[in-house]
Undergrad: 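Dropping the structure in here first, questions after.
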Amino acid sequence: MSPATLRSLRIQLAGQRQQALEKSRQRLMLSILLFIAVGVVIGLRLFDLAVLQAVRRGPATDIMATLRPARADLVDRNGEVLATTLKVRGLAVRPDKLISNPEQLAHRIVTILPDLDLAFVKGQLTARAKFRYLKRRLTPEQVASINALGEPGLELQEEPERIYPNGKLASHVLGYVDIDGQGMSGVERGFNQRLLSEATLDKPVQLALDVRVQHALEYELATAMAKFEAIGAAGVVMDVHTGEVIALASLPTYDPNAISLSSTDTLFNRATLGTYELGSTFKTFTVAMALESGVSRISDKYDATVPLKVAGFLIHDDHPKKRWLTVPEVFIYSSNIGTARMAELIGADAQRAYLKKLGMLDPIALELPETARPQVPKIWGKLATMTVGYGHGIAVTPLHLATALSALVNGGTLHAPTLLKRPLDKPILGEKVFSQQTSDTMRALMRMVALDGTGKNADAAGYRIGGKTGTAEKPGIGGYRKKALISTFAGAFPMDNPRYVVIATLDEPKGNKETYGYATAGWVSAPIVKSVVQRIGPFLGIEPSLDHDLNVKPYESYVLEKQDKPD
Amino acid sequence: MKHQFRTAGMIGAVALSAALCFAVSLKVGERREAVEGLKRDIANDTKTIRRLQAEWQMRARPLQLQRLNDTYFGLNAPVAGQFFDSAQTYVAFAANPDRQHQPRVYTAAASQAATEEVIRPTQVAQVVSGPTVLMQMPQEGLSSSGDGVRHTRYQTVAKLEAAQSIKTVVSTVQALAAPKIVRAAQPKPTMSPKPILTRLDAGTMASIERLAATENAVP
């Protein structure tokens with residue numbers, strides 16, 4: 001090799017080395033940059049996750065806010081839960097996400113939830129849809145079993161559900177809600193805004209109802225309804241001094257937990273929507289009006305010897321005494337003729353004014369949306385005045401009767417009925433309708449009805465019940481139907497210091513062997529009031545005492561039968 | 001050299017403080033998560049409480065309680081005459097269990113305002129229905145029923161009068177003299193020579209004295 005060739009060879013090699021070095025330097029640079037880039041990307045991603053997404057999400061949800069229910073609770077006057085909202089899991093399926101065989105899955109589901117129809121489940125699982133409901137309101141055990149199936153296409157969704165733990169109790173008062181959580185009837189509807197307002201979701205609405213009294217009333221009404229084969233019943237228990245409705249019952253009743261299973265006739269509230277001609281219970285108010293307006297005194301006598309002929313109609317007594325009767329006798333023997341004569345003396349204008357003051361001519365202003373307007377005579381002439389006097393020709397609801405009777409026995413002050421518990425410290429406003437003396441007199445007369453009048457079956461020993469029976473025939477097409485009766489007992493107790501009014505009404509009761517075939521109020525409705533009072537007296541703090549009673553002796557001097565007995 | 005040490009020292013200090021701050025913020029993060037966990041627990045427990053309250057109310061609803069009572073206990077509401085109002089009535093009953101009950105009556109035609117007046121001693125236990133009376137009652141007390149004094153409360157007995165009467169009863173019991181006849185005008189009945197007060201056994205007398213002590217103690 002020549003030195004020149006060697007030199008050029010060395011230069012070539014040197015250049016190649018430089019190129020190789022250059023190349024490797026470049027490759028090193030590239031790899032360093034790649035690693036830095038990976039680090040930068042990680043850093044950017046960290047920044048994105050930690051900062052940007054948190055900003056996008058906003059502040060974390062307040063967990064305490066999830067504690068508040070979707071709808072406020074309803075509780076009774078003692079704090080017992082009447083209605084509450086719970087989050088309940090329902091089963092739904094996403095048919096496009098199913099992985100198991102629909103047939104087998106349907107069988108497995110029906111094993112866990114036996115009240116589902118197999119064909120229905122198969123149909124839902126194979127439907128060409130994104131989402132299908134299968135069942136709502138699963139129990140926790142069912143939820144666990146469905147989860148254990150391990151099928152991702154089955155979804156357990158939490159939904160708020162309105163639950164009424166007491167079942168059918170007080171269903172007409174409470175009402176029910178629809179799927180969207182809006183109240184459809186009763187207190188749920190009347191207080192819908194209050195129950196949904198955000199600020200008070202965790203404060204329950206306290207009603208004046210007492211579940212124990214409500215149950216006693218509903219149970220006794222149901223027992224009597226079954227015994228006398230009535231088509232319906234209604235009852236009210238009201239506090240005479242505050243106007244609070246302690247119990248309101250209407251039978252037949254429904255379960256608000258399962259509205260879809262009830263028929264529409266069970267939804268009818270007979271106590272506030274049903275207007276009935278209440279019959280002789282109205283005589284209480286006619287006698288009170290007569291005494292209050294001064295047209296009658298206790299000693300006045302009225303001619304009940306023969307039936308009264310007015311404008312072509314004949315007014316007769318059910319148990320005619322065929323003699324002149326004093327005011328207490330007219331009331332105790334429930335004389336239509338005597339009461340009609342008293343009503344005639346009162347006059348149409350005064351009678352209408354008193355009824356208006358008692359609230360009998362307008363719908364009751366209760367917190368329920370279902371209240372009926374009473375039916376009154378179109379022309380209020382002499383005949384109408386007389387018939388209204390003994391309770392025919394005017395149709396009112398049992399709640400009207402309870403409110404007016406409360407006004408009569410508490411000393412004459414009318415309080416508006418309410419379903420909300422009244423606070424004990426605030427004074428309760430009322431309108432004075434009768435004087436204290438009229439109230440005392442009527443209390444004595446009502447006690448006499450229960451002691452030895454038509455209301456004997458209502459007298460519970462020691463509770464000093466007083467009241468008035470009323471049996472009216474239901475009007476049918478073209479006149480009154482003979483055997484369809486509305487039997488009411490309107491009572492109050494304890495009569496020496498009345499605290500509660502109890503009304504029991506039976507719709508079309510039939511007499512049986514024990515009542516000797518009679519279906520009148522004294523036989524069918526009065527025993528209901530007796531049983532109810534015996535059960536609820538202890539709850540309401542009223543002790544049965546044989547040592548106390550109302551003194552009716554001054555009035556017995558006006559009753560002929562009482563005067564024959566030696567004292 | 002020193003310059004390098006200072007720089008290294010500063011870098012070391014910065015690194016150390018960074019590590020410490022990081023440790024502190026890690027701890028704070030842990031505490032915050034713990035608080036959030038507690039809040040979640042509270043929320044879960046509150047939901048469980050509401051659920052349990054609803055379930056309790058369902059299981060203890062009035063219809064269910066009545067069913068349980070009818071099946072297992074058969075208890076009924078108390079009736080009149082089942083309990084004694086006071087020691088007075090207890091003693092009166094013990095002395096004469098077969099006496100017919102006479103209700104004390106109150107006038108209807110009274111204003112509510114007048115019902116708050118003080119009870120006169122006449123209201124204290126009505127014992128007499130038969131010809132004999134077995135205990136010495138305060139003389140100014142006795143009169144027939146229906147004297148028209150009204151009251152509407154259930155605690156009918158003025159405590160003071162009751163206490164005095166109990167003392168009288170107890171002292172009479174202790175004396176165990178021959179029974180005094182109060183209504184002298186009525187015909188003398190045939191009675192057993194033994195005073196009927198011995199119908200009250202030692203246990204009953206002890207409970208009467210205990211009742212008297214309680215009624216004296218209560219103001």
Side-chain angles (χ1 to χ4, degrees), chain A residues 60 62-64 66-67 69 73 80-82 84-87 163-169 211-212 214-216 218-219 411 436-437 439-445 447 460-464 494-497 534-539 541-555, chain B residues 36-47 49-51 53-66 76-83 85-86 88-89 101-113 115 123 125-126 145-148 150-157:
Chain A
D62 183 13
I63 289 181
M64 301 318 236
T66 64
L67 288 181
D73 292 349
E80 310 276 345
V81 175
L82 292 172
T84 184
T85 304
L86 296 178
K87 288 239 164 66
I163 302 219
Y164 302 89
N166 293 298
K168 289 186 173 183
L169 201 66
V211 278
R212 308 165 299 178
Q214 178 78 24
H215 170 71
E218 285 195 15
Y219 187 84
Q436 181 68 47
Q437 197 171 11
S439 175
D440 295 336
T441 311
M442 291 313 303
R443 272 166 37 207
L445 295 183
R447 183 74 184 120
Y463 282 108
R464 295 96 72 197
M495 230 29 178
D496 45 325
N497 180 17
Q534 281 175 325
R535 283 176 74 157
I536 69 177
F539 294 146
I542 294 165
E543 192 189 332
S545 169
L546 296 167
D547 292 331
H548 301 66
D549 207 339
L550 199 58
N551 188 10
V552 298
K553 281 196 173 44
Y555 301 93
Chain B
E36 286 294 308
L38 277 174
K39 278 193 187 168
R40 266 194 297 270
D41 287 341
I42 292 175
N44 281 333
D45 289 340
T46 313
K47 281 184 201 159
I49 289 172
R50 277 178 59 83
R51 200 178 288 271
Q53 274 173 343
E55 184 175 345
W56 176 263
Q57 184 59 33
M58 200 248 340
R59 288 185 192 279
R61 66 190 191 279
L63 183 62
Q64 183 63 21
L65 293 178
Q66 178 168 348
N76 292 310
V79 293
Q82 192 170 342
F83 299 105
D85 282 340
S86 62
Q88 299 295 103
T89 43
H101 206 109
Q102 288 285 348
R104 274 169 272 159
V105 289
Y106 305 97
T107 329
S111 71
Q112 297 284 58
T115 59
Q123 300 311 319
Q126 244 350 299
S145 60
D147 63 348
R150 319 157 289 271
H151 80 86
T152 51
R153 286 173 191 270
Y154 300 103
Q155 301 301 358
T156 64
V157 181

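Numbered from 1 within each chain, the chains take letters A, B, ... in sequence-line order.
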Undergrad: What distance do Tyr463(A) atom OH and Leu546(A) atom CG have between them, rounded to the nearest 0.5 Å?
TA: 11.0 Å
Undergrad: Below 4.5 Å, heavy-atom pairs only: which of Ala216(A), Pro538(A), Pro544(A), Gly462(A) has the largest tally toward chain B?
TA: Pro544(A)
Undergrad: My understanding is that only residues two or more places apart in sequence, or in another chain, count here; which of them pass side-chain contact (heavy atoms from CB on, under 4.5 Å) with Glu218(A)?
TA: Leu169(A), Gln214(A), Ala249(A)
Undergrad: Can you say whether Gln66(B) sits under 4.5 Å from chain A via the side chain, the backbone, both, or neither, judging by heavy atoms?
TA: side chain
Undergrad: Could you give the distance from CZ (Arg40(B)) to CG (Leu38(B)), rounded to the nearest 0.5 Å?
TA: 9.5 Å
Undergrad: With respect to chain B, which residue among Thr84(A), Thr85(A), Asn166(A), Ile536(A) yields the maximal number of heavy-atom pairs within a distance under 4.5 Å?
TA: Asn166(A)
Undergrad: Among Arg51(B), Gln64(B), Arg59(B), which has the most heavy-atom pairs under 4.5 Å with chain A?
TA: Arg51(B)
Undergrad: Measure distances from Phe539(A) to the heavy atoms of chain B and classify the residue's part below 4.5 Å as side chain, backbone, both or neither.
TA: neither
Undergrad: For the candidates Arg212(A), Lys87(A), Gln534(A), which exhibits the highest count of non-hydrogen atom pairs separated by less than 4.5 Å from chain B?
TA: Lys87(A)
Undergrad: Looking at Met58(B), Arg61(B), Arg50(B), which makes the most heavy-atom pairs under 4.5 Å with chain A?
TA: Arg50(B)
Undergrad: Looking at every heavy atom in both Ala54(B) and Pro165(A), which two are closest together, and how far apart are they?
TA: O-CB, 3.7 Å
Undergrad: Can you tell which part of Tyr219(A) gets under 4.5 Å to a heavy atom of chain B, answering side chain, backbone, both or neither?
TA: side chain
Undergrad: Identify which part of Leu65(B) has an atom lying under 4.5 Å from any heavy atom of chain A, answering side chain, backbone, both or neither.
TA: neither
Undergrad: Rounded to the nearest 0.5 Å, what separation is found between the CZ atom of Arg464(A) and the CG atom of Asp496(A)?
TA: 4.0 Å
Undergrad: Roughly how far, to the nearest 0.5 Å, is CG of Asn497(A) from CZ of Arg443(A)?
TA: 7.0 Å
Undergrad: Name all residues meeting the side-chain contact (heavy atoms from CB on, under 4.5 Å) criterion together with Leu63(B); count only those two or more places apart in sequence or in a different chain, and write none if there are none.
TA: His215(A), Arg67(B)
